[in-house]
Colleague: 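Starting off with a structure, shown below.
Order of the sequence lines sets the chain letters (A, B, ...), proteins ahead of strands, with each chain counted from 1. Fair warning: this is a prediction, and the values are worked out from it, not measured in the lab.
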Amino acid sequence: MSTKNYWDRMRQSRMSRRAVLRASARGGIGVAGLALVGCGDDDDDDAAVAQVAQTEPQGDEEEQAAEQQAEEQAEEQDEQAQAEEQAAEEQAEEPAEQAGPASGTTDFDATVRMAIPNAVGGLDPHAAGNFTTTFNSTLAFARPLTRDLVTQELIPDSAIFEWVEDNTAGVYSLLPGMKWHDGTNVTADDFKFSFDRLQGIAPYNEDGVYPTGADYIVSAVRDEITVIDEDTFRVPLETDVTAPGSMSVPIVPRHIVEAGGDDAFNMEIVGSGPFRLVSYTADQEVIHERNDDYHHPSGDRYNIHTPFMKQLQQIVRPEPLARIAALEAGEVDLITRVEPELIADFEDRDGFVLNYDPGCCPHNIFPNTLVPLLEDGRNPFSDIRVRQAMNHAVDVETIIATLGTGQEIRTYGIASRSLGALRPEQREGRTYEFDVEKAKALMSAAGYEDGFDTPLYGTVGFFASTDSVALVVQQSLKAIGINVSLTLDPLPDFRARFAQKDVPGLHYYFSNQAPDPISVINAEVAEGGTLATAIYPESGIQELVEAQRVEFDPIKRKDVMNELAIKIYENASWLFLYETVEAGVMRDHLEWDAKGNTRDHNYYWAIRPMVT
Amino acid sequence: MARSSFWAILVGRLLQGILVVFTVVTIVFVVSRVVGDPIRYLASDESTAEEIEALQDLFGLNDPLYEQYADFVWDLARLEMGNSFLTGRSAVDEVRSRSVKTLQLGFAALLFSLVLGVPLGVIAALRRGTPIDWFARFLAVIGQATPNFFLGLLAIFFFAVKLGWLPTGGGGGVFSTNMIMPVVVLGMLTSAGVMRLTRSAMIDVMGTDFIRTARAKGLRERTVIRRHALRHALLPVATILGIQLGRLIAGSVIVETVFAWPGVGRLTISAIQGSDYPVVQLSIMVIASTIVLANIVVDLSYRLIDPRIRAGNA
Amino acid sequence: MSTEKTTPVDWVLEPRKRRQIRWRRMLLLVPAILILGAFLIAGIFAPLLTPYDPREIVLLDRLQPPAWDTAGSWDHVLGTDQLGRDILARIFYGARVSLIVVAVTVPASAGLGTLVGLLAGWRLGLTDKLLMRFVDLQLALPAILFAILIASVFGASLRNVIIVIVVWSWAGYARLTRGDVLSLREQEFVVAARSMGASDTRILLRHLLPNLLNMIVILATLEVAGVILIEAALSFLGIGVAAGTPSWGAMISEGRNFMKLAWWLIWMPGIAIFLVSLTGNLMGDWLRDALDPRLRNLQ
């Protein structure tokens, strides 16, 4: 099937996969920079959604030993379940990348230049729609936890997490030696300040409302955070195994924000991350340089560490062709988020490396089943047969083969590398194959053989090809009688409409390839989710969502998630499209190993410039 | 015939100009307030109704429209446009730096079109009917018929990538190589118009009795051309400069996008799409004022230059 | 505009040269008319001229080169675009869109502008001042930004494009009409009509308008190219016609990322725009020379 082609291709490719940011603005009009809590951007910030709360064993070894065993068991089973994907991944990787320095000498003084589509907004990681939240989320700022690149488990970035008090609160213990870019020490107070600021309750902005846009990531916090000592603080939490993973709060320095105010901070950020800001000229260029005092040293680590490069320059070029031209002309070393066919010809050229990374974001079309669609009050999308018909009507394979790189894979609801995703054997027999006759039959059975009209809302300018795919879907649905009127908007407009949950019709959107998909499910499926536009009575989905939340046993939880994944798919909850492949090009003096993760704004520190 | 005082006319025009700019900005105000909604960009999906209310209060969006308008007028007068919704920086700062860049581009393009168009027009007129004339007119028509984004992208690929002579984009100082391609692409349309106009004005003038008299007086052809014909031929060019400025502004939006030139056109577009009211209003006001001022300058200088107008009426 | 009262003379030219020039103009005019005519026919009879639906997506046929290319075929004479839609069909239907845009906006803006100019130039006084302020307003409005504002508020559609273009271009007619009315009103035949007690309307319509028609027609012809380019620019910025509508500007906009891969995506509509603008300009020039050489300074 398509999976086989995908993996074959990966093995054949001489180039290692490199992640790339999503292709961007068609109009080149700075819209992408306004991406709000876009496709899993904040999910990425969260280092994705909660999973099993695992941490690196530290401190009391005896106590931790048993935990570690359980961890390892879980890891093992995890890996087995995902084995085919992981194993193939590792096989496809070049041996030189497994660990340690690659061939050649690293150039620690190098400047890496990349072309980006826009840089609007500011740099405050707590502010909605900012450049940082879209492109640069982990450059200058650290978060409490992050994910291991290979095992996808939660590991400390700046603090160790521990459930206490019968899973009703969590205690964070800061890692030692962390400093702000201005030299002062990071304390637990800064963490509390950051958590509070994101919720809008930090004392300094009591009078005003700071538009954060991301306060839902701290929604599990149920009471005031208390600082225990300089290195520890306690957070009362909902009993929810997913909480620590979802609370990916960028940590900002209290003394600077309080002293200078939000607006000043927005322009001149200070963080504790692997990069520090050098200069920011809005919509022109952003320059960061290596933070030599970063508390994770470089060396052989493959998880987040002190960057290899000395400086990272991001230069704005709205037009995709202008970015490619800049690369060819030698003005930049790296471009990301490019439409794959535009860079296909780089394959045969000396001096360039093509980066393809599997799926950052599954694309799906979400029907609104909450509100009536037709004038007589009916909502065709609440009938499972209509949803099934829609899935059979669209030829996803051809879309992948023609509009994509050919390496995209169909989505099955929960992203393929997420916890509990459908295993290959579970996909066979369940897949909604392209079958127009079957689709028509289902429509008739549901009583809609005359079809009906519906709007379809989509985005333009954030991902490549969404407008083209929307047109294809429109044509496909027309063939079974569904007349689609198309409206394409920039992402913020789309999200604003989608989030209201009361706009009837179809919404073409995307989610995150999150290791733990629970935030995705909460957002898009579960009742009351932030973006949920559907309820599925008698589907049993909601019960499963509740069940996994309190399932602290990682193995059992994975089974629950798998059940949930199957249910979502069999319920034809959405019109399932595909998981994107990210494409980019860089000069061959750069190496970029992110262990098969979708390289994007999270992994610049892993770029290794070699001495030429 | 009493000649109206130059200053009276100037003041009159300025006042009218202010009225015009004011109307423009009011239109923008009405359109954006009535239909746009910046709050959805600032609030999160989970914002409760109270939080959204609070945000709206903060930015004064809950007051009745006329109150907002009154506040707006008062703020405008003091040039206190507040901070950009998107960056938090003062709107005035945002617009100012970008406006300078656009003016830089616009002026250079205007200059380019004059430097290219006028001599070409004169030569075409003097060599009328010859292949040079046809070639010049052909170039002009091509210049007017080519979409500028098309030209821009081609230029990037040819000069920046293939030949490597020029940078692919970005801002730059007045004498930097970054200016070359944007200025040429932007000025292409205008220079074509200037060239054709100069040519036909020149032809007209050369055929007048005025010139024949000068020739009969025995003046050298060159003097005839330079001193007499040229000056009269340039008058019509001056009249269209105002319109051309408007076209330049329109063209600069596209050119700024293609070449990543940090001008005010691009800023306004992202501000419009982000419902960043302070920046939208300020930048449109700046642009409108520039056009109005330029038109006034052109009008007045036309009066000064053309003695017939000074004596009679326009 | 030249305010010389003497008629310019074709200095330097003998009768033979003059005939030569006239012949050359004729020669050039014939292909120009043919080309314009071809586009007109293409626009009107598009469905009859091509079996393809310009909106029909055939993913498997995407990015086919034109027929004369080795990889192309005569199934798609000008090739296909990134969604497999036949380009020749889209050129034809795009001609239709351009035709509609031109057919609606040019008369509308000419009509509106002429009306305003007539009133202002004839009535003078307050009417004149007021109307001219409107003209200044329109000229001061950064038209393209206003267009973006409208589009972001009301959405991109053909109707909105037409509205924007009409608003964009009426002032030019107004200004010129007014200027001409100002000079015409002193002429004998007008003075005579007035003294005979003819009503204002009669004078405007029977006496002034016919004299203005030449200039209006010439300006309109020249504006055709401009209108098409504006529509192209608006589509380039994504605020033109609705997604999927075949329009030359939109085709260039959609295809511009494929410039290196599939040159025909933008060169075909680009050449179409270019040809129509070119011939439009030539026609305008010829009309002007033929009807009223005095108006050579029209721009």
Side-chain angles (χ1 to χ4, degrees), chain A residues 23-31 318-325 328 338-346 394-404 434 456-461 464-479 484-490 492-493, chain C residues 52-65 80-86 90 144-145 147-149 151-158 160 232-247 249-263 265-267:
Chain A
S24 180
R26 281 282 235 94
I29 306 184
V31 167
E319 287 288 306
L321 283 194
R323 292 200 287 282
I324 294 177
E328 289 184 281
V338 195
E339 277 180 36
E341 50 209 344
L342 297 183
I343 54 172
D345 67 329
F346 277 97
V394 177
D395 187 356
V396 179
E397 303 284 347
T398 304
I399 293 178
I400 291 175
T402 54
L403 292 180
F434 176 53
L456 168 62
Y457 301 98
T459 61
V460 63
S465 309
T466 46
D467 43 353
S468 302
V469 173
L471 285 173
V472 175
V473 168
Q474 181 185 38
Q475 187 170 283
S476 309
L477 292 183
K478 184 150 184 224
V484 169
S485 65
L486 201 54
T487 307
L488 298 175
D489 284 316
D493 296 331
Chain C
Y52 291 106
D53 178 349
R55 292 175 187 256
E56 190 189 349
I57 299 172
V58 185
L59 287 180
L60 295 172
D61 284 343
R62 64 196 295 258
L63 296 178
Q64 306 263 332
T80 61
D81 70 357
Q82 73 276 11
L83 286 180
R85 300 175 292 202
D86 181 63
R90 285 179 75 83
I144 200 163
L145 299 173
I148 294 169
L149 198 67
S152 59
V153 161
F154 295 108
S157 76
L158 187 60
N160 292 343
L234 290 177
S235 297
F236 174 80
L237 292 173
I239 54 178
V241 295
T245 314
S247 111
M251 286 169 75
I252 296 186
S253 171
E254 287 172 24
R256 74 186 192 274
N257 285 340
F258 296 91
M259 230 168 67
K260 288 192 350 174
L261 265 181
W263 56 270
L265 256 57
I266 52 173
W267 280 92

Colleague: Looking at C:W267, I'd like to know if its CH2 atom is crowded, meaning that more than 12 non-hydrogen atoms belonging to other residues, nucleotides or ligands lie closer than 6.0 Å.
Modeller: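 Counting other residues, nucleotides and ligands, CH2 of C:W267 stays at 12 neighbours or fewer.
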Colleague: Which region of A:D345, side chain (C-beta onward) or backbone (N, CA, C, O), has a non-hydrogen atom less than 4.5 Å from a non-hydrogen atom of chain C, or is it both or neither?
Modeller: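 It is the side chain, since no backbone atom gets that close.
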Colleague: Applying ring-ring contact (aromatic ring centres under 6.0 Å, His included), name anything that partners C:F258, two or more places apart in sequence or on another chain.
Modeller: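 Result, ring-ring contact (aromatic ring centres under 6.0 Å, His included) vs C:F258: none returned.
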Colleague: Answer yes or no: is there a side-chain heavy-atom contact under 4.5 Å between A:Q475 and C:L83?
Modeller: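 No, side chains not in contact.
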Colleague: Flag the pair C:I57 / A:Q474 as yes when at least one side-chain heavy-atom distance between them is below 4.5 Å, and no otherwise.
Modeller: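 C:I57 does not reach A:Q474 side chain to side chain.
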Colleague: Please state whether the side chain, the backbone, both or neither of A:I324 comes within less than 4.5 Å of a heavy atom of chain C.
Modeller: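 Only the side chain of A:I324 comes within 4.5 Å of chain C.
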Colleague: Output all residues satisfying side-chain contact (heavy atoms from CB on, under 4.5 Å) with A:T466, sequence neighbours left out; order by chain, then residue number.
Modeller: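 If we apply the side-chain contact (heavy atoms from CB on, under 4.5 Å) test to A:T466, skipping adjacent residues, the hits are A:H363, A:T459, A:F463, A:Y508.
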Colleague: Quick one: what part of C:L261 sits under 4.5 Å from any heavy atom of chain A, side chain, backbone, both or neither?
Modeller: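 The side chain, not the backbone.
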Colleague: Go through the atoms of A:L471 and report whether side chain, backbone, both or neither lie under 4.5 Å from a heavy atom of chain C.
Modeller: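 Looking at A:L471, backbone and side chain both touch chain C.
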Colleague: Give, for atom OG of A:S476 and atom CG of C:L59, the distance between the pair rounded to the nearest 0.5 Å.
Modeller: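 Nearest 0.5 Å value for the OG-CG distance: 8.0 Å.
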